[in-house]
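As the structure is a prediction and not an experimental result, all values here were calculated from the model. Atoms within each ligand, like the ligands themselves, are counted from 1 in listed order.
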Amino acid sequence: MCGIFGIRGSEEAARVTHLGLYSLQHRGQESAGIVAVAEDGSAQTVRKMGLVSDGFEEDRIALLRGSTAIGHTRYSTAGTSTIDNAQPVFVRFRGGHIALAHNGNLTNAVELRGALEAEGSIFASTMDSEVIVHRIAKSRAAKPEEQLAEALNGVEGAFSVVVVIGTTLLAARDPHGWRPLAIGRLGDAWVFASETCALDIVGATYVRDVAAGEIVAVDEHGMRSMAGPASPVLHRCVFEYIYFARPDSRVFGGSVDRARRALGRQLAKEQPAPGADIVFAVPDSSNAAALGYAEASGLQLEHALIRNHYVGRTFIQPTQAGRDAKVKVKYNAVREVLEGKSVVMVDDSIVRGTTTRGLVALLRGAGAREVHMRVSSPPITGPCYYGIDTPEREQLIAANMPVAEVGRAIGVDSLGYLSLDGMLAAVPDGPGGFCHACFSGQYPTQPPVDIKRYRAGA
Ligand code: AMP
């Protein structure tokens, strides 16, 4: 899971990118980085572990000169969480530079890397993304977009990328269109961002998305597009609408807020909770779905769970006691709302079930009489190989037991999930053109051959 940002044509390119990364923080909190490139081809980079807000000092950003910049926020899905794996990837070659920021996961990276290593390539990281940079460097094509096209030809899996080759900014999406990538305009500058909330923060206007398979190049002559091979059927990640993207964004051209409300309304139709008194969200990712559920069910919407926004990643022992403590650090229940009530808790998904079990215990501790859980997506039964951080099948609670047992394991009085068809009908531009492999087991492409090495990145 990652956020990417790119701009060409602004005297403040690095500053604008820094600002854009604030709005992409939810897509990755492990590390962040910026590369800025000046018109003479000189380039500078900053990369830091941790959050954007405590990542960069203003004076270091001020040193990043140039009218072109790309940035990245990272949460590792392949490769470890170290500074070596912080992006953008940045290398010198043929007297110039290549910089790349990648969102998604490459499913044949281990094989591509093996082939490059056999020819003598050496790697500085365990990231799948680094293979793209090596393949760009090997291309003998004349134009930067042709070099990138050659590099991406044969790369499988999910990628939305922003790349700088020399002084040309490029943006591309894989032929399936798994991850979003929007194009915006800021004065004379062209801007690219994973989500439109990052265009909003910098004051850019949304123009359109980079199309699946398309490569867009921006240089001193302006923007041009090169259509690449697009899959006959798109496989946009439906989980972007369910959980991952921010509700104030448009992804794949559709509003995330509208999508989540529609998911909530559909959930209320499919999984009513007769006799319940109130409904509430597990904040924040399911707020909009709970609004939709309330609207369609007529139940009173309440704030029954309060999330502590000052908690970052918590390092607590992975015992049950540790996990319960972790939930309590992040959430508390409002007794005045819950006491004596039959309640509906709406969440967007259940992954391992550990957080959910802790939440249910909190609700009961605060006096809830009955707890009915409603989930605005179907049971997650398989891992994602295309860029969402879901664990392997053994750890996915719904992959290992029927729904009734999941309900018992998390301690609710009833549990209802949204159906696959209901979900696909509710999202913008559905029901076709989405990847739902984590719910349906229908992987659009061959999953990685060696899962362990794929996770390790090498
Ligand atoms: P759990 O009960 O431990 O499976 O946690 C469920 C919670 O995790 C839900 O509130 C989801 O919003 C959230 N969630 C869903 N997908 C992810 C993900 N890939 N990474 C982190 N949290 C997630």
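Between F159 and L152, the closest side-chain pair of non-hydrogen atoms falls below 4.5 Å. By the 4.5 Å heavy-atom criterion applied to side chains, D284 and H309 are counted as neighbours. Considering only heavy atoms from C-beta on, T107 stays 4.5 Å or farther from P447 through its side chain. A 4.5 Å side-chain heavy-atom check between F439 and I380 finds at least one atom pair inside the cut-off. Inter-residue side-chain proximity for Q87 and S129 is flagged as met; some heavy-atom pair is nearer than 4.5 Å. Side-chain contact between V403 and P379: present, with at least one pair of heavy atoms (C-beta onward) separated by less than 4.5 Å.
Atom 2 (O) of ligand 1 has its closest protein heavy atom at T356 OG1, 2.5 Å. In terms of protein heavy-atom proximity, atom 8 (O) of ligand 1 is closest to V351 CG2, 4.5 Å. Here the heavy atom of the protein found nearest to atom 21 (C) of ligand 1 is Y243 OH, 3.3 Å. Regarding atom 15 (C) of ligand 1, its nearest protein heavy-atom neighbour is S349 OG, 3.1 Å.
For ligand 1, the atoms closer than 4.0 angstrom to any heavy atom of D389 are 18 (C), 19 (N). Atoms of ligand 1 found under 4.0 Å from any heavy atom of T355 (numbered from 1 in listed order, with element): 1 (P), 2 (O), 3 (O), 5 (O). Those atoms of ligand 1 that come under 4.0 Å of a heavy atom in D348, given as number and element, are 11 (C), 12 (O). Each of the atoms 9 (C), 10 (O), 12 (O) of ligand 1 lies under 4.0 Å from some heavy atom of D347.
Checking only distances, S285 does come within under 3.5 Å of ligand 1, N or O to N or O. Of the polar atoms of M1, none of the N or O atoms is found under 3.5 Å from an N or O of ligand 1, judged by distance alone. Considering backbone and side-chain N/O of R357, none are found under 3.5 Å from N/O of ligand 1. Ligand 1 has a nitrogen or oxygen under 3.5 angstrom from a nitrogen or oxygen of G353.
Figure legend: cation-pi geometry between R236 and W178 absent, as NZ or CZ is not positioned both under 6.0 Å from the six-membered ring centre and within 45° of its axis.
For F244, the heavy-atom gap to ligand 1 stays at 4.0 angstrom or more.
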*Begin with the C-alpha distance, continue with both residues' side-chain angles, and end with the deciding distance and a verdict on side chain to side chain donor-acceptor pair (under 3.5 Å) for S286 and R260.*
CA-CA 8 Å; S286 58; R260 289 194 187 153; over 6 Å; no

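With hydrogens and angles ignored, the 3.5 Å screen pairs no side-chain donor or acceptor of R179 with any backbone N or O of R173.
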